[in-house]
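What you see is a predicted model; the values in this text were computed from it and never measured.
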Amino acid sequence: MDYLAKRISFPLEREYEAWIVDQIERHFRRLGVPVNIFAVSPADESTWPADEVVDVRGKIVGLQFKKPTLATPCSSNDFSRLHWDFSKPGNQLGRVVANAEIFYCLPTFMNRDVRPYALHHCLFWRPSDERDQRAWYENPNPA
């Protein structure tokens with residue numbers, strides 16, 4: 001299967017968010033661990049830049065979702081062309097860096113057929129500083 005193929009259309013960021021959050025919740029429930037997951041208000045996101053909150057026994061993790069983008073041209077499963085942009089909104093990256101409990105959630109697929117396995121195909125990452133406005137999944141020529 002080509003994980004980067006367009007099927008109907010490329011998913012929207014909110015679709016990735018829904019698929020992955022649902023699978024996180026199901027995972028904890030299968031383990032018998034109580035979990036609360038809820039969306040962050042857009043008003044609060046301007047100071048605490050997470051899309052979703054995962055609360056497991058009082059431990060809180062914020063998730064900021066970024067949809068993947070392909071640099072063109074791209075052949076089948078060419079993950080060297082897959083990347084995420086952290087430059088928008090402008091000061092979000094700095095606020096994520098300043099809040100140690102917030103992680104970026106980075107899907108590594110674009111094909112809608114991967115939806116049932118979305119949680120297995122995403123990365124959870126924390127930036128150490130604000131220098132990198134873009135992350136590449138597999139960049140053989142980093143600059």
Side-chain angles (χ1 to χ4, degrees), residues 1-29 33-143:
M1 174 189 307
D2 183 357
Y3 289 81
L4 306 177
K6 183 188 271 188
R7 175 140 156 20
I8 303 169
S9 66
F10 288 129
L12 302 173
E13 193 169 281
R14 68 178 180 246
E15 290 179 289
Y16 286 114
E17 184 177 335
W19 301 338
I20 293 166
V21 164
D22 177 65
Q23 290 174 23
I24 290 171
E25 188 172 33
R26 287 172 189 243
H27 173 74
F28 280 107
R29 290 217 170 122
V33 175
V35 64
N36 294 302
I37 301 177
F38 54 93
V40 175
S41 162
D44 294 331
E45 203 174 339
S46 65
T47 56
W48 199 74
D51 294 317
E52 295 281 340
V53 174
V54 179
D55 171 8
V56 180
R57 297 181 175 156
K59 301 294 182 186
I60 292 176
V61 174
L63 298 177
Q64 176 53 244
F65 288 81
K66 292 295 180 186
K67 71 176 187 166
T69 305
L70 286 174
T72 54
C74 182
S75 58
S76 178
N77 287 324
D78 182 3
F79 290 98
S80 70
R81 311 306 293 157
L82 187 70
H83 65 279
W84 302 268
D85 183 5
F86 308 119
S87 66
K88 294 176 185 158
N91 52 2
Q92 183 185 76
L93 177 58
R95 290 191 311 262
V96 169
V97 169
N99 290 278
E101 69 282 6
I102 300 176
F103 289 76
Y104 280 109
C105 181
L106 309 173
T108 62
F109 67 96
M110 297 181 78
N111 184 334
R112 291 175 175 280
D113 289 339
V114 181
R115 173 186 177 176
Y117 317 102
L119 182 57
H120 296 281
H121 296 282
C122 65
L123 305 172
F124 297 91
W125 175 73
R126 272 213 40 81
S128 56
D129 57 45
E130 298 177 51
R131 287 181 291 175
D132 295 324
Q133 299 288 310
R134 181 176 289 169
W136 292 85
Y137 184 73
E138 180 185 312
N139 189 350
N141 301 308

Distance in Å, His83 NE2 paired with Thr69 OG1, rounded so as to fall on 0.5 Å steps: 4.5 Å
Is Trp48 close to Val53 at the side-chain level, that is, under 4.5 Å between some pair of heavy atoms? yes
Here the pair of heavy atoms bringing Pro127 nearest to Leu93 is CG-CD1, 3.8 Å
Within a strict 4.5 Å, meaning less than it, do heavy atoms of the Leu63 and Ile24 side chains meet? yes
Within the structure provided, determine whether Leu82 and Leu70 are in side-chain contact (heavy-atom separation under 4.5 Å). yes
So do the side chains of Pro11 and Trp19 get within less than 4.5 Å of each other, counting heavy atoms only? yes
Write down the atom of Ala50, the atom of Gly62, and the distance for their closest heavy-atom approach. CB-CA, 3.8 Å
Shortest non-hydrogen separation from His121 to Tyr117 and the atoms involved: CD2-O, 3.2 Å
For Asn99 and Arg95, does a side-chain donor sit closer than 3.5 Å to a side-chain acceptor? no
Using 0.5 Å steps for rounding, measure from the CD atom of Glu17 to the NZ atom of Lys67. 13.5 Å
Contact check, side chains of Val96 and Arg126, non-hydrogen atoms, under 4.5 Å: yes
Hey, could you give me the SG/CG distance between Cys105 and Leu119, rounded to the nearest 0.5 Å? 8.0 Å
Where Phe65 and Val21 come nearest, the two heavy atoms and their spacing: CZ-CG2, 3.9 Å
Please tell me if the side chains of Ile20 and Pro107 come closer than 4.5 Å, counting only heavy atoms from C-beta onward. yes
So how far is it from His120 NE2 to Gln23 CD, rounded to the nearest 0.5 Å? 6.5 Å
For Tyr16 and Phe10, I'd like to know if the aromatic rings sit close, meaning centre-to-centre distance below 6.0 Å. no
Decide yes or no for Ser9 and Arg112: does some side-chain heavy atom of the first lie under 4.5 Å from some side-chain heavy atom of the second? yes
Side chain Asp55, main chain Asn36, donor-acceptor under 3.5 Å: no
For atom CZ of Phe124, is the number of surrounding heavy atoms from other residues, nucleotides or ligands below 6.0 Å larger than 12? yes
Reported NZ-to-CD distance for the pair Lys59 and Glu101, which is rounded to 0.5 angstrom: 12.0 Å
For a quick test of reading the model, state the closest non-hydrogen atom pair linking Asn77 to Tyr3 and the distance between them. OD1-N, 2.7 Å
What's the shortest heavy-atom distance between Asp132 and Asp129, and which atoms? N-OD1, 4.3 Å
By side-chain contact (heavy atoms from CB on, under 4.5 Å) - contacts of Lys66 (at least two apart): Glu13, Gln64, Trp84, Phe86, Pro89, Gln92, Tyr104, Leu106
